[in-house]
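The next block holds one structure in the form of structure tokens; read it before the comments.
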2 protein chains.
Amino acid sequence: MSLRHALLGLLSERPASGYDLLKLFETSLANAWPATQSQIYTELTKLAATGLVTVSAEGPRGRKEYTLTPEGLAELRHWLTETKPQRNSRSETLLRVFFLGVLTPDQARDYLTEIAERADKGYQGLRLLEESVDWTDDELSVYGRIALEYGLRFHTMHREWAEWASDQIS
Amino acid sequence: MSLRHALLGLLSERPASGYDLLKLFETSLANAWPATQSQIYTELTKLAATGLVTVSAEGPRGRKEYTLTPEGLAELRHWLTETKPQRNSRSETLLRVFFLGVLTPDQARDYLTEIAERADKGYQGLRLLEESVDWTDDELSVYGRIALEYGLRFHTMHREWAEWASDQIS
DNA sequence: AGATACATGTAACATGTTACATGATTTA
DNA sequence: TAAATCATGTAACATGTTACATGTATCT
């Protein structure tokens with residue numbers, strides 16, 4: 001139930017509407033746990049029904065602002081400390097590598113070269129994001145910065161690996 | 001539809017039963033695209049119904065051996081060359097990092113230390129796998145070796161990042 | 001003879017994606 | 001006033017997980 005906890009986590013920072021949370025998913029969480037508009041609104045309704053969040057205000061255009069309850073915060077802490085990430089991460093990019101033998105060496109190299117290029121673009125994108133953020137010294141910045149560093153290292157590793165792999169194909 | 005193509009890919013190497021494929025998922029594809037027994041049998045039935053594979057032999061205990069058809073191979077090649085991996089990979093491990101601010105610094109450090117330890121175990125596991133495989137010079141070994149190298153680099157990056165991150169928490 | 005491995009299939013449920021449906025407010 | 005953005009909700013479908021259900025062959 002990661003989506004549920006992603007929402008609780010975002011709401012632990014400040015109250016927000018479904019629409020606000022959707023934007024937060026698109027920006028900060030997109031690379032860790034993408035979610036659709038449909039999923040977010042549905043899950044918020046369930047969270048409110050179970051008392052982990054409450055509708056703390058209503059605004060124009062039917063806007064509903066959700067606030068984390070003490071029970072919601074407890075659940076978030078419980079998830080972080082008492083449970084372990086279990087899902088193996090899936091990578092369609094890596095899956096394809098297993099089967100490159102059915103292509104010609106040129107086609108396989110093209111595939112790997114494109115991975116390297118996409119990794120480089122991803123890296124540059126995160127660099128721009130890094131520059132645009134005001135990295136103050138608060139808690140949020142510390143962990144946001146750590147997550148960003150993960151992305152930078154991930155893309156670097158990807159690029160270097162794809163370049164190396166491309167060279168392996170003779 | 002990655003599961004479908006993962007099955008076609010494995011069958012491009014040699015004919016296999018659902019049970020054989022299940023074992024192949026557990027060993028070679030586990031880290032790229034995990035699949036359950038239930039999923040595999042269901043998808044094989046669908047693949048046979050659409051003619052991308054055929055039941056080429058039946059053995060003891062109701063064993064059905066599936067073989068890739070020319071149409072299946074064409075579909076596999078089409079997937080590899082004409083479509084792009086789209087799904088963003090999800091990482092519950094990374095997702096949690098965003099919310100470590102709700103824990104005490106000690107708890108956050110523990111979380112990151114455990115990631116480093118798990119990454120190291122994963123690395124060691126792949127090293128053992130590497131040693132146990134007979135790396136001949138055929139195509140399959142080349143791409144299997146490239147996928148394995150991905151895993152080794154991935155775990156190394158994970159460990160180094162988690163160690164670095166742990167040090168960031170003062 | 002009993003345990004383990006081989007072997008398949010389905011049902012119920014959880015999660016995730018795409019498309020549809022509607023409307024209010026702000027900005028150019 | 002037209003376009004863009006804000007704002008929510010649901011239905012249909014695809015994918016993935018867990019549990020149940022059954023039986024055969026091999027190995028110790």
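In what follows, chains carry the letters A, B, and so on, assigned in the order in which the sequence lines appear, proteins first and then strands, with residues in each chain numbered from 1.
For B:S17 against C:dT8, no side-chain N or O and base N or O form a donor-acceptor pair under 3.5 Å. At a cut-off of 3.5 angstrom, the base of C:dT18 holds at least one donor-acceptor pair with the side chain of A:S38.
Residue A:K64 places at least one side-chain N or O under 4.0 Å from the OP1 or OP2 atom of D:dG9.
Distance from the side chain of B:Q37 is smallest to C:dG9 among C:dG9, D:dG23, D:dT8. In the set C:dT17, C:dT10, C:dA7, the nucleotide with an atom closest to the side chain of A:T36 is C:dT17. Which of C:dG9, D:dT8, C:dG16 sits closest to the side chain of A:Y41 comes down to D:dT8.
Taking atom CD of B:Q39 as the reference point, atom P of D:dG16 lies 5 Å away to the nearest angstrom. As a whole-Å value, the separation of A:E58 CD from C:dG23 P is 19 Å. If you measure from atom CZ of A:R63 to atom C1' of D:dT5, you get 13 Å, rounded to the nearest angstrom. For the pair A:L22 CG and D:dT5 P, the computed distance is 14 Å after rounding to whole Å. Rounded to whole Å, atom C1' of C:dT8 lies 13 Å from atom CG of B:D20. For the pair B:E65 CD and C:dC6 C1', the computed distance is 15 Å after rounding to whole Å. Regarding A:E43, its CD atom lies at a distance of 11 Å from the C1' atom of C:dA14, rounded to whole Å. Separating the CD1 atom of B:I40 from the C1' atom of C:dT10 is a distance of 16 Å, rounded to the nearest angstrom.
Residue contacts for A:R4: at a heavy-atom cut-off of 4.0 Å it reaches no nucleic acid atom on any strand shown.
Salt-bridge formation is not detected for the pair A:E82/A:R77: no Lys NZ or Arg NE/NH1/NH2 atom is positioned less than 4.0 Å from an Asp or Glu carboxylate oxygen. Salt-bridge formation is not detected for the pair A:K121/A:E117: no Lys NZ or Arg NE/NH1/NH2 atom is positioned less than 4.0 Å from an Asp or Glu carboxylate oxygen. Between A:R4 and A:E75, none of the side-chain N atoms (NZ, or NE/NH1/NH2) sits under 4.0 Å from a carboxylate O, so this pair counts as no salt bridge.
Each of A:S2 and B:Y66 was matched to the nucleotide of DNA chain C holding its nearest heavy atom; the match closer to the 5' end belongs to B:Y66. Across the interface with DNA chain D, nearest-nucleotide mapping of B:M1 and A:Q86 shows B:M1 to be the residue nearer the 5′ end. Toward the 5′ end of DNA chain C lies the nearest nucleotide of B:R61, the other residue of the pair B:R61 and B:R90 mapping further downstream.
Taking the ring centre of B:W164 as origin, the terminal cationic atom of A:R153 falls inside the region bounded by 6.0 Å and 45° from the ring axis.
In this structure, B:L8 and A:F99 have side chains that are not in contact, with every pair of non-hydrogen atoms separated by 4.5 Å or more.
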